[in-house]
Amino acid sequence: MDVEILVNCSHRETRIALLEDRQLMEYRVEREERVVGSIFKGIVQNVLQGMDAAFVDIGLERNAFLYVADILPDEAPENTPSAIKRSELRRRKIKDLLRPGQQIMVQVTKGPRGTKGARVTTRIALPGRYVVLMPEATHVGVSRKIEERAERERLRKVGDKIIPKGFGLILRTECEGRTEAELRADVKFLEQLWAQVKTASKRQKAPACVHRDQTLLYRTLRDIFSDGIDRMVIDDPDEYEKVQLAASVVAPQMRDRITLFDKDQPIFDQFGIEKELERLLDKKVWLKSGVYLVIDEMEALTAIDINTGKQVGSTSLNDTILRTNLEAADEVCRQLRLRDMGGIIVIDFIDMESAEDRRKLLKHFTDRLSRDRARTRVGKISSLGLIEITRKRTGESVTETIMESCPMCEGRGRIPSKDTVSLWIERDMRRKLSDPGNAYLVECHPAVVESLIGADGEMVEELEHELRRGIYLRANFDLEWDEYEIRTGTIEQYDREFLGYRRSQVVECNVRRSAFDNSSKIIGWTDSGYYVELASGEEYVGMRAKVCLLDIRRSFAVGETILPGVATTAGR
């Protein structure tokens, strides 16, 4: 399998794409300084006994959350059984460990998300290329992804030799096959880094950041750029030089795999990444066979629904469902990595009657998920065909990073229909019946104007009769879908100000199709927002055209197109 990392750098953001056999599998973007992994000198603000937690001011917009289990305990003797250690931890009370106003050093483990502040721990961990150094711990651990028993034993013995006094050590997956000298050099570098952190903590006044975690590009070099990567391509000469310099320290044997992209075409265009990123924003993900996924990311969990779509199969229903689920499982694993989704994820596979088919699906899904570097846990398939997994979350997903909530629907994914808004307007007009005057002027979105007018104008005329008021509807193209304004006045006043038209008059209109689904109606809008129902004009849709007015009403007119108005396309 050909694996490559593409790096696109600009002054505002850094984008990194991981490709496997030219297929985009992971995408990361950094537009501001990262807080996850950074170390802060904070001040305890509140100690909540009922939650066994505290809130710590670390200088961010919201206070950070510190749970009692994330507070470094007093070290127990080495021969203390683990069960006793866990029991001791459960008995600890937050009020015995922290007090308001106390200064503590914490590291961010999860970034702020939504309405929640960052989550922090006092268990500091400094990651290097091969090892993770943990101040004030004592144990040596080996990555679970190193499965060979002999290699695990070798690394554990090396770890016992190189571990500094007063520190704990975790040997990362990348240290497999590495020499003692390489691992010792990594430990020495991290020791020096910890000394710098302590010096900064003494000098700075809380709340303050005493160590900022590395940039996205450096973390990629440190954590991802391994023997399994065939090449890294960077499009910025300055960043390329920096990466070459950093690689000479963390991965000197890999320097020849780092290349500079110097073509005129943007790097992501050259490799077809931009088109993939456009689909990354979609809620619906189509597969080649016609199957599609629907992905709903919420604050508490992510739901992924699998649908057969255009897939009809060729043998039997059970075979079609199994094939569909297996193909969808591959894409679900890819989307988890690509969008960097975290937390609780529920996947609604198509229900299968056969227990053997369910076992095949679960095994296939688990095998594919093993390629994911993020820590995951997979539950069993429920009787409803659901698989629940958890995936380690450290901050916002990719889609949350590059998108924001719709200002119209405020993240609900729905907006009021045009009929709903038109009914709001009707109710507001009834509320204003006690206001002086005998007419209403209503400005609203053009689609809502259509809804209020109705077929052949019968809705607005019936409303005029019911309210015993003249109604003048005008489209305001600057208003959002659910915005409107109602003014009261007199028919004489509004006739003079807003109905300066006569029969047989020729006006210029922007020709459009009706906003209603499945409607073949062609309409025109004058520059003042006056609605004109057109008897013809299919060929002028999207253009300006001259229209002869055949009938005039307060809120609309009927007309027919006679010739194009101007050579340019309409602006509205």
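Remember, it's a predicted structure, so these values are computed and weren't measured experimentally. Hydrogens, waters and symmetry mates are skipped; everything else that's a heavy atom, side chains included, is used.
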Fill in the blank from the handout: d(Arg231 CZ, Leu6 CG) to nearest 0.5 Å is 7.5 Å

Exercise for the section: Run the numbers on Arg154 and Glu148 for salt bridge (charged side-chain N to carboxylate O under 4.0 Å, His left out), then give the verdict. Expected result: CA-CA 10 Å; Arg154 182 188 75 87; Glu148 188 180 340; over 6 Å; no

Fill in the blank from the handout: Distance col, row Lys157:NZ vs Asp160:CG, nearest 0.5 angstrom, shows 9.5 Å

Problem - Side chain to side chain, Arg129 and Phe189, heavy atoms closer than 4.5 Å - result: no

Completion exercise
Of Leu221, Leu260, Val7, the one forming a side chain to side chain contact (heavy atoms under 4.5 Å, CB included) with Val243 is Leu221

Handout entry: Student check: side-chain heavy atoms of Leu326 and Leu361 closer than 4.5 Å
Key = yes

Exercise for the section: Inspect the surroundings of CD in Gln253 and state if more than 12 heavy atoms from other residues, nucleotides or ligands are less than 6.0 Å away. Expected result: yes

Exercise for the section: Would you check if the side chain of Glu151 reaches a backbone N or O of Gly177 as a donor-acceptor pair within less than 3.5 Å? Expected result: yes

Exercise for the section: Check whether more than 12 heavy atoms from other residues, nucleotides or ligands sit under 6.0 Å from atom CZ of Arg31, and answer yes or no. Expected result: yes

Problem - Student check: side-chain heavy atoms of Arg119 and Asp70 closer than 4.5 Å - result: yes

Completion exercise
Separation between OG1 (Thr179) and CZ (Arg184), nearest 0.5 Å, reads 10.5 Å

Handout entry: Minimum-distance pair of heavy atoms, taken over all atoms of Thr121 and Arg123
Key = OG1-N, 3.0 Å

Exercise for the section: Keeping the roles fixed (side chain from Asp372, backbone from Ala374), state whether a donor-acceptor pair exists under 3.5 Å. Expected result: yes

Handout entry: Side chain proximity check, Arg255 to Gln244, heavy atoms < 4.5 angstrom
Key = yes

Problem - salt_bridge(Arg334, Glu276) N-O dist < 4.0 Å - result: yes

Practice task
Taking the side chain as every heavy atom from C-beta outward, state whether Arg339 and Glu297 have any atom pair closer than 4.5 Å.
Solution key: yes

Practice task
For Lys41 and Ser201, indicate whether the former's side chain and the latter's backbone hold a donor-acceptor pair under 3.5 Å.
Solution key: yes

Problem - Within-4.5 Å side-chain heavy-atom neighbours: Ile224 and Arg373 - result: yes

Completion exercise
Smallest heavy-atom separation, Ile146 atom then Cys175 atom, equals CD1-SG, 4.2 Å

Practice task
Using a 4.5 Å cut-off on heavy atoms from C-beta on, say whether the side chain of Gln107 contacts that of His211.
Solution key: no

Completion exercise
Which of Leu183, Ile162, Leu190, Val132 passes side chain to side chain contact (heavy atoms under 4.5 Å, CB included) with Leu169? Answer is Ile162

Exercise for the section: Determine whether more than 12 heavy atoms belonging to other residues, nucleotides or ligands lie under 6.0 Å from atom NZ of Lys145. Expected result: yes

Practice task
Using a strict cut-off of less than 4.0 Å between a Lys/Arg side-chain nitrogen and an Asp/Glu carboxylate oxygen, indicate whether Glu191 and Lys188 qualify as a salt bridge.
Solution key: no

Completion exercise
Heavy-atom closest pair (Leu338 atom, Leu280 atom, distance to 0.1 Å) is CG-CD1, 3.8 Å

Practice task
Please check if atom CD in Glu356 has more than 12 non-hydrogen atoms from other residues, nucleotides or ligands closer than 6.0 Å.
Solution key: yes

Exercise for the section: On the 0 to 90° scale, with breaks at 30° and 60°, tag the Phe55-Phe65 ring pair as parallel, tilted or perpendicular. Expected result: perpendicular

Practice task
Would you confirm whether Asp186, through its side chain, and Tyr130, through its main-chain N or O, come within 3.5 Å as a donor-acceptor pair?
Solution key: yes

Fill in the blank from the handout: CG of Asp351 to CG of Asp357, rounded to nearest 0.5 Å, is 11.0 Å

Completion exercise
Closest non-hydrogen contact found for Arg172 with Ser143 is C-CB, 3.9 Å

Handout entry: Parallel, tilted or perpendicular: ring planes of Phe365 versus Phe349, cut at 30 and 60 degrees
Key = perpendicular

Problem - Side-chain heavy-atom pair Val210, Lys198 within 4.5 angstrom cut-off - result: no

Problem - Atom pair CD1/CG of Ile350 and Leu322 - distance to nearest 0.5 Å - result: 10.5 Å

Handout entry: Sidechain N-carboxylate O distance under 4.0 Å for Asp330, Lys288
Key = no

Problem - Candidates Asp213, Val120, Ile58, Leu126 - the one meeting side chain to side chain contact (heavy atoms under 4.5 Å, CB included) with Ile39 - result: Leu126

Problem - Shortest non-hydrogen contact from Ile389 toward Leu336 - result: CD1-CD1, 3.6 Å

Handout entry: Working for salt bridge (charged side-chain N to carboxylate O under 4.0 Å, His left out), residues Lys242 and Asp238
Key = CA-CA 6 Å; Lys242 291 178 184 177; Asp238 292 337; over 6 Å; no

Problem - Under-4.0 Å salt bridge between Arg15 and Glu13 - result: yes

Handout entry: Step-by-step salt bridge (charged side-chain N to carboxylate O under 4.0 Å, His left out) determination, Glu20 to Arg368
Key = CA-CA 14 Å; Glu20 295 179 359; Arg368 291 305 175 103; over 6 Å; no

Completion exercise
When every non-hydrogen atom of Val44 is compared with those of Val47, the smallest separation belongs to CG1-CG2, 3.8 Å

Completion exercise
So CZ of Arg257 and CD of Glu4: to nearest 0.5 Å the spacing works out to 12.5 Å

